[in-house]
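Right, one structure below, let's go through it.
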Amino acid sequence: MNNAQQTISLSANPMNGDGRLKIAIQKSGRLSEKSVNLLEKAGISLLKSRDQLLCRAHNFPLDVFLVRDDDIPAFLTTNVCQVGIIGQNTLLEKQALFPEKYADLEQVQNLGFGRCRLSIATPTGFDYSSVETLAGKTIATSYRGLLAKFLAEKNVIADIVTMEGAVEVAPRTHLADAICDLVSTGNTLVSNGLMEQEAILESQAVMIKTDQMADDLSAIYHKLMSRIRAVLRADNSRYIMLNSPIEALDAIKAVLPGSASPTVMPLQGRDDMVAVHAVCDEEVFWTTMEDLQNTGASSILIMPIEKMLD
Ligand code: PRP
Ligand code: ZN
């Protein structure tokens with residue numbers, strides 16, 4: 001059974017009105033593990049078997065559909081699922097190819113993982129100066145929609161060859177002069193003698209939702225998003241503790257990265273020093289710690305935050 005058939009039979013299934021929110025995530029691939037981790041960090045515990053299409057949360061009214069990332073938009077537009085975790089590259093490609101069908105899918109939250117870019121790359125011998133260099137050339141890609149849109153915006157006419165995978169071998173086999181593919185570490189390009197020339201899209205994993213959600217599901221959705229946003233904030237935040245001479249307090253507060261109002265407490269036996277505790281909503285770099293030290297801070301501790309709810 002292919003996924004299209006699954007979609008039809010599942011949407012006809014009365015269990016869709018069972019008061020449980022349905023989320024579609026990638027079954028295997030670059031986003032799948034981190035998508036599951038995010039749900040688990042949000043306190044949602046999934047039953048272990050992940051080789052099936054459906055995975056139920058037993059402590060939250062959520063069912064998780066494990067599908068091909070390419071199929072996630074269709075799971076939402078057919079209302080089999082109401083939310084999904086998908087790469088922006090995949091979503092935007094679908095929206096570029098089928099604008100009417102997928103226009104109503106809304107990106108509600110960037111998730112900060114699965115970062116990559118969609119780039120044009122050429123063989124090392126290719127004399128590339130700007131996108132105009134590609135006029136009249138052949139470009140292989142799995143992202144015809146996004147590439148065609150980009151070329152049209154630049155008024156460049158080129159031939160696009162659609163390939164499902166192994167796009168990086170197209171120039172070597174003379175199927176194309178250039179490629180347009182996802183780049184993450186850049187290793188694939190290097191090992192195929194290709195040079196990245198132009199990023200046409202920056203992408204990361206994103207939470208999407210349909211614009212049709214029954215009220216009971218909407219309430220679950222808001223609870224889920226509140227937890228997910230709390231997880232994302234905690235991931236990006238640090239708890240910082242340090243000791244400060246009283247007269248350096250204002251200068252130290254000014255150096256603390258992204259922290260609104262630190263807690264200042266007396267230090268036993270010291271009337272010239274205080275302890276400062278703060279939540280910083282940014283990464284704390286070594287250089288920041290050195291700045292704090294130079295401003296008079298001592299015993300500086302930076303700790304990860306596990307959970308945070310406002
Ligand atoms: C993507 C892309 C490149 C590779 C880039 O393929 O098509 O092949 O990742 O990553 P890198 O810059 O870290 O080397 P993916 O692994 O998603 O598989 P696919 O091409 O088979 O879909
Ligand atoms: Zn690839």
Side-chain angles (χ1 to χ4, degrees), residues 2-4 6-7 24-38 50-51 53 64-76 84-98 102 105 107 110-126 128 131 134 137-151 158-208:
N2 65 30
N3 282 302
Q6 283 173 347
T7 306
I25 66 171
Q26 194 184 39
K27 184 185 177 82
S28 60
R30 58 179 67 228
L31 303 184
S32 76
E33 200 177 315
K34 290 201 166 129
S35 304
V36 171
N37 285 347
L38 178 64
R50 292 203 194 122
D51 48 349
L53 171 68
V64 181
F65 284 71
L66 300 161
V67 301
R68 264 175 40 114
D69 60 346
D70 223 30
D71 292 332
I72 292 174
F75 271 78
L76 271 71
I85 296 177
I86 189 172
Q88 286 169 316
N89 54 303
T90 308
L91 174 70
L92 295 173
E93 172 65 9
K94 287 280 178 198
Q95 290 180 327
L97 287 177
F98 311 104
Y102 295 114
L105 295 180
Q107 299 189 36
N110 287 346
L111 300 175
F113 61 87
R115 286 180 197 275
C116 61
R117 51 199 184 272
L118 182 63
S119 289
I120 291 172
T122 54
T124 23
F126 191 105
Y128 186 100
V131 59
L134 297 171
K137 304 286 186 201
T138 305
I139 311 167
T141 189
S142 316
Y143 292 85
R144 166 179 288 272
L146 289 170
L147 177 59
K149 203 169 145 193
F150 175 78
L151 293 174
D159 273 335
I160 300 177
V161 179
T162 306
M163 292 176 70
E164 291 296 334
V167 172
E168 57 275 5
V169 304
R172 248 188 302 146
T173 53
H174 305 292
L175 272 167
D177 304 300
I179 67 164
C180 176
D181 198 14
L182 293 185
V183 181
S184 161
T185 61
N187 288 340
T188 304
L189 293 186
V190 171
S191 53
N192 287 280
L194 296 166
M195 265 180 66
E196 185 175 0
Q197 302 292 6
E198 192 127 11
I200 73 171
L201 176 78
E202 297 285 340
S203 175
Q204 61 176 288
V206 67
M207 182 72 76
I208 55 173

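When a ligand or atom number is given, it counts from 1 through the structure's own listing order. Quantities reported herein were computed from a predicted structural model and do not represent experimental measurements.
- Residues passing the side-chain contact (heavy atoms from CB on, under 4.5 Å) test with Ser184 are Arg30, Cys116, sequence neighbours excluded.
- Residue pairs satisfying the side-chain hydrogen bond (donor to acceptor under 3.5 Å, both in side chains) criterion with at least one member in residues 159-169, sequence neighbours excluded, are listed as follows: Arg144-Thr162.
- Of the candidates Val161, Asp177, Leu134, Leu134 is the only one forming a side-chain contact (heavy atoms from CB on, under 4.5 Å) with Ile139.
- Annotation: side-chain hydrogen bond (donor to acceptor under 3.5 Å, both in side chains) contacts involving residues 188-198, sequence neighbours excluded, comprise Arg117-Glu196, Ser119-Glu196, Thr122-Gln197, Tyr128-Glu198, Arg172-Asn192.
- Heavy atoms only, all atoms of each residue included: Ser203 and Gly87 are closest at OG-C, 4.2 Å.
- For ligand 1, the protein residues placed under 4.0 Å by at least one non-hydrogen atom are Arg30, Glu168, Asp181, Leu182, Val183, Ser184, Thr185, Gly186, Asn187, Thr188.
- Note that OG1 of Thr124 is 7.5 Å distant from CG of Leu194, once rounded to the nearest 0.5 Å.
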